[in-house]
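Computation of the quantities below employed the complete heavy-atom set of this structure, encompassing side-chain atoms and omitting hydrogens, waters and symmetry-equivalent molecules.
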Amino acid sequence: MQKLKHLVGGNDLVVAPVVFNPIMARMAEEAGFQAVYLSGGTLGWVKCVTEANLTLPELADVAVDMRAACKLPIVLDAGGGWGDPVHVHRTIALAEAAGFAAIEIEDQLLPRRVEHHVGIDHLVPTEFMVEKIKAALAARTDPDLLIIARTNARRTDGLDAAMRRAEAFHKAGADMLFCYTRDPQEMRTVGERLPAPLMMFAPPDGFGTFGLSRRDCAGLGYRLAASSGTAFAAMVKAVRQSYLCLAQDKLDPFLGRAAPRRR
């Protein structure tokens, strides 16, 4: 099993599907993925709360369960890192203890505002986020743990301002940059300006109909593409249909008729 640090040090794009339990992690491994993504937003949906309600120990517990069943490297969506720079030391310590291969920390204001989920972000100053990155690097004892610095400034101040933030994060020592945008042309601009390795979100509908192919993204310096919620949406759709069919005495068209059991 290759370490994530080695994978993103290559020339290919590593796609990491969202997982939040051991069976999903094992299915991701069986499908041929090389890494998985523990999304805070998706885990919040699973628990019927917003991401702001989640604690670091909760996500660490999920990771331990998954690692007992699957050895794929796990990328942690850590949101704002659970505190100010001084608090990030414990965040990194628990992330290492849980066995995460990478931790994604973004420039969101804490406590996180619920408006984030409808596209309205409240960000900390660039200098504050730089101090948080430096604190994470100082706290790291595992040289294989990747510190990913994410900015959502494209939503608040435009793409150029977001890239200036990302450049400051790079100078602070972040191992990987995530300048959030889902627009193919903006992603091309980011890749042409910022240094590799870069992180991105995988297109919700896959790369087949997206404006950039996997090869295009890799050529632009993207090395990690996290799928943040697609598998969860598929699960919700399948379970809802199964429950409705059971409640209405109908055959679930997704599963079809069960094979007869042997007596």
Side-chain angles (χ1 to χ4, degrees), residues 1-10 12-51 53-79 81-82 91-106 140 142 144-148 150 175-176 178 197 199-207 214 217 222-240 242 254-255:
M1 189 69 63
Q2 288 195 65
K3 294 182 178 180
L4 184 63
K5 184 176 182 178
H6 296 156
L7 290 172
V8 301
D12 298 324
L13 179 68
V14 177
V15 179
V18 66
V19 296
F20 45 82
N21 58 42
I23 189 64
M24 291 183 73
R26 185 166 286 180
M27 286 192 291
E29 185 175 24
E30 290 175 352
F33 291 101
Q34 297 176 292
V36 293
Y37 182 64
L38 180 53
S39 163
T42 300
L43 187 62
W45 296 334
V46 171
K47 292 177 175 286
C48 297
V49 299
T50 66
E51 185 176 358
N53 291 113
L54 298 179
T55 65
L56 176 56
E58 283 182 277
L59 280 89
D61 285 346
V62 172
V64 171
D65 280 347
M66 291 195 300
R67 282 173 49 78
C70 171
K71 302 306 179 186
L72 288 181
I74 306 172
V75 179
L76 170 63
D77 170 15
W82 287 281
T91 300
I92 297 300
L94 279 180
E96 290 184 343
F100 287 106
I103 180 169
E104 170 200 338
I105 303 175
E106 59 192 75
R140 179 172 61 185
D142 178 4
D144 291 324
L145 177 69
L146 296 175
I147 307 297
I148 304 171
R150 170 177 165 179
D175 299 307
M176 180 178 286
F178 184 2
M199 180 178 171
M200 59 179 281
F201 276 140
D205 299 323
F207 285 92
R214 293 193 192 200
C217 292
Y222 291 96
R223 294 294 179 266
L224 180 63
S227 177
S228 60
T230 304
F232 172 75
M235 183 196 78
V236 169
K237 184 176 181 180
V239 171
R240 177 177 285 129
S242 176
F254 178 72
L255 293 176

K.L.:
How far does CZ of Arg240 sit from CE of Met235, to the nearest 0.5 angstrom?
P.N.:
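If we round to the nearest 0.5 Å, Arg240:CZ and Met235:CE are 10.0 Å apart.
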K.L.:
Please report the shortest heavy-atom distance between Ala78 and Ile105, naming the atom on each side.
P.N.:
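Between these two residues, the closest heavy atoms are CB-CG1, 4.4 Å.
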K.L.:
With sequence neighbours left out, write down each residue that passes side-chain contact (heavy atoms from CB on, under 4.5 Å) with Ala16, or none if nothing qualifies.
P.N.:
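side-chain contact (heavy atoms from CB on, under 4.5 Å) check on Ala16 returns Ala35, Tyr37, Leu224.
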K.L.:
Who pairs with Phe178 by ring pair (Phe, Tyr, Trp, His ring centres under 6.0 Å), at least two apart in sequence or on another chain?
P.N.:
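Here the qualifying residues are Phe201.
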K.L.:
Search all heavy atoms of Met200 against all heavy atoms of Cys217 and return the closest pair with its distance.
P.N.:
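Minimum heavy-atom contact is SD-SG, 3.7 Å.
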K.L.:
Side chain to side chain contact (heavy atoms under 4.5 Å, CB included) between Leu145 and Ile92: does it pass, once the steps are laid out?
P.N.:
CA-CA 9 Å; Leu145 177 69; Ile92 297 300; 4.0 Å; yes
K.L.:
In Å and rounded to the nearest 0.5 Å, what is the CZ to OG distance from Phe232 to Ser39?
P.N.:
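Atom-to-atom, Phe232:CZ and Ser39:OG are 10.0 Å apart.
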K.L.:
Can you give me the closest heavy-atom contact between Phe33 and Val15, atom names plus distance?
P.N.:
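Closest approach of Phe33 to Val15: CD2-O, 3.2 Å.
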K.L.:
Determine, step by step, whether Leu56 and Leu76 satisfy the side chain to side chain contact (heavy atoms under 4.5 Å, CB included) criterion, reporting the C-alpha distance in whole Å, the side-chain angles of both residues, the deciding distance to 0.1 Å, and the verdict.
P.N.:
CA-CA 10 Å; Leu56 176 56; Leu76 170 63; 4.2 Å; yes
K.L.:
Does Leu13 reach the side chain of Arg223, with side-chain heavy atoms less than 4.5 Å apart?
P.N.:
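Sidechains of Arg223 and Leu13: no contact.
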K.L.:
For residues Leu146 and Val8, determine if any side-chain heavy atom of one lies less than 4.5 Å from a side-chain heavy atom of the other.
P.N.:
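A side-chain contact exists here, since the closest heavy-atom pair is under 4.5 Å.
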K.L.:
Would you say that Asn21 contacts Val62 through its side chain, given a criterion of any heavy-atom pair below 4.5 Å between the two side chains?
P.N.:
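They are not in side-chain contact.
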K.L.:
Run the side chain to side chain contact (heavy atoms under 4.5 Å, CB included) check on Val18 and Ser228 step by step: do they pass?
P.N.:
CA-CA 5 Å; Val18 66; Ser228 60; 5.7 Å; no
K.L.:
Could you work out, with salt bridge (Lys or Arg N to Asp or Glu O under 4.0 Å) as the rule, every residue matching Asp144, not counting sequence neighbours?
P.N.:
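If we apply the salt bridge (Lys or Arg N to Asp or Glu O under 4.0 Å) test to Asp144, skipping adjacent residues, the hits are Lys3.
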K.L.:
Return the minimal non-hydrogen interatomic distance between Gly40 and Leu54, and the atom names on each side.
P.N.:
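Closest heavy-atom pair between Gly40 and Leu54: O-CD1, 3.2 Å.
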K.L.:
Considering residues at least two apart in sequence or located in another chain, which fulfil the salt bridge (Lys or Arg N to Asp or Glu O under 4.0 Å) criterion with Lys47?
P.N.:
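Lys47 satisfies salt bridge (Lys or Arg N to Asp or Glu O under 4.0 Å) with Glu58 only.
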K.L.:
If you take all heavy atoms of Leu38 and Val19, which pair is closest and at what distance?
P.N.:
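Answer, listing the atom of Leu38 first, then Val19: CD1-O, 3.3 Å.
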K.L.:
Lys237: what forms a salt bridge (Lys or Arg N to Asp or Glu O under 4.0 Å) with it, not counting sequence neighbours?
P.N.:
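Salt bridge (Lys or Arg N to Asp or Glu O under 4.0 Å) check on Lys237 returns nothing, list empty.
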K.L.:
What pairs with Thr91 under side-chain hydrogen bond (donor to acceptor under 3.5 Å, both in side chains), at least two apart in sequence or on another chain?
P.N.:
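Applying side-chain hydrogen bond (donor to acceptor under 3.5 Å, both in side chains) to Thr91 gives none.
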K.L.:
Please list all pairs passing the salt bridge (charged side-chain N to carboxylate O under 4.0 Å, His left out) test where one or both residues lie in residues 12-36, with sequence neighbours left out.
P.N.:
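Output for this query is empty, none listed.
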K.L.:
Is the shortest heavy-atom distance from the side chain of Arg150 to the side chain of Met199 under 4.5 Å?
P.N.:
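A side-chain contact under 4.5 Å is absent here.
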K.L.:
Let me confirm one number: the CD-CD1 distance from Glu104 to Ile147, rounded to the nearest 0.5 Å.
P.N.:
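Here the interatomic distance stands at 11.5 Å.
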K.L.:
Step by step, work out the side chain to side chain contact (heavy atoms under 4.5 Å, CB included) result for Leu94 and Leu59.
P.N.:
CA-CA 10 Å; Leu94 279 180; Leu59 280 89; over 6 Å; no
K.L.:
Which pair of non-hydrogen atoms, one from Ala28 and one from Pro17, has the smallest distance, and what is that distance?
P.N.:
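That would be CB-CG, 3.9 Å.
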K.L.:
Roughly how far, to the nearest 0.5 Å, is CE of Met24 from SG of Cys70?
P.N.:
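The CE atom of Met24 is 12.0 Å from SG of Cys70, to the nearest 0.5 Å.
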K.L.:
Could you work out, with side-chain contact (heavy atoms from CB on, under 4.5 Å) as the rule, every residue matching Asn53, not counting sequence neighbours?
P.N.:
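Testing Asn53 for side-chain contact (heavy atoms from CB on, under 4.5 Å), a comparison that skips the adjacent residues, returns Val49, Thr50.
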K.L.:
In chain order, what residues pass the side-chain contact (heavy atoms from CB on, under 4.5 Å) check against Ala202, with sequence neighbours excluded?
P.N.:
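side-chain contact (heavy atoms from CB on, under 4.5 Å) list for Ala202, sorted by chain: Phe207, Ala225, Ser227.
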K.L.:
Could you state the interatomic distance from CD (Gln2) to CD (Gln34), rounded to the nearest 0.5 Å?
P.N.:
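Those atoms lie 6.5 Å apart.
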K.L.:
Taking only residues two or more places apart in sequence, or in another chain, which ones meet Arg140 in a salt bridge (Lys or Arg N to Asp or Glu O under 4.0 Å)?
P.N.:
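Partners of Arg140 under the salt bridge (Lys or Arg N to Asp or Glu O under 4.0 Å) test: Asp175.
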K.L.:
With sequence neighbours excluded, tell me which residues meet side-chain contact (heavy atoms from CB on, under 4.5 Å) with Asp65.
P.N.:
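Testing Asp65 for side-chain contact (heavy atoms from CB on, under 4.5 Å), a comparison that skips the adjacent residues, returns Pro22.
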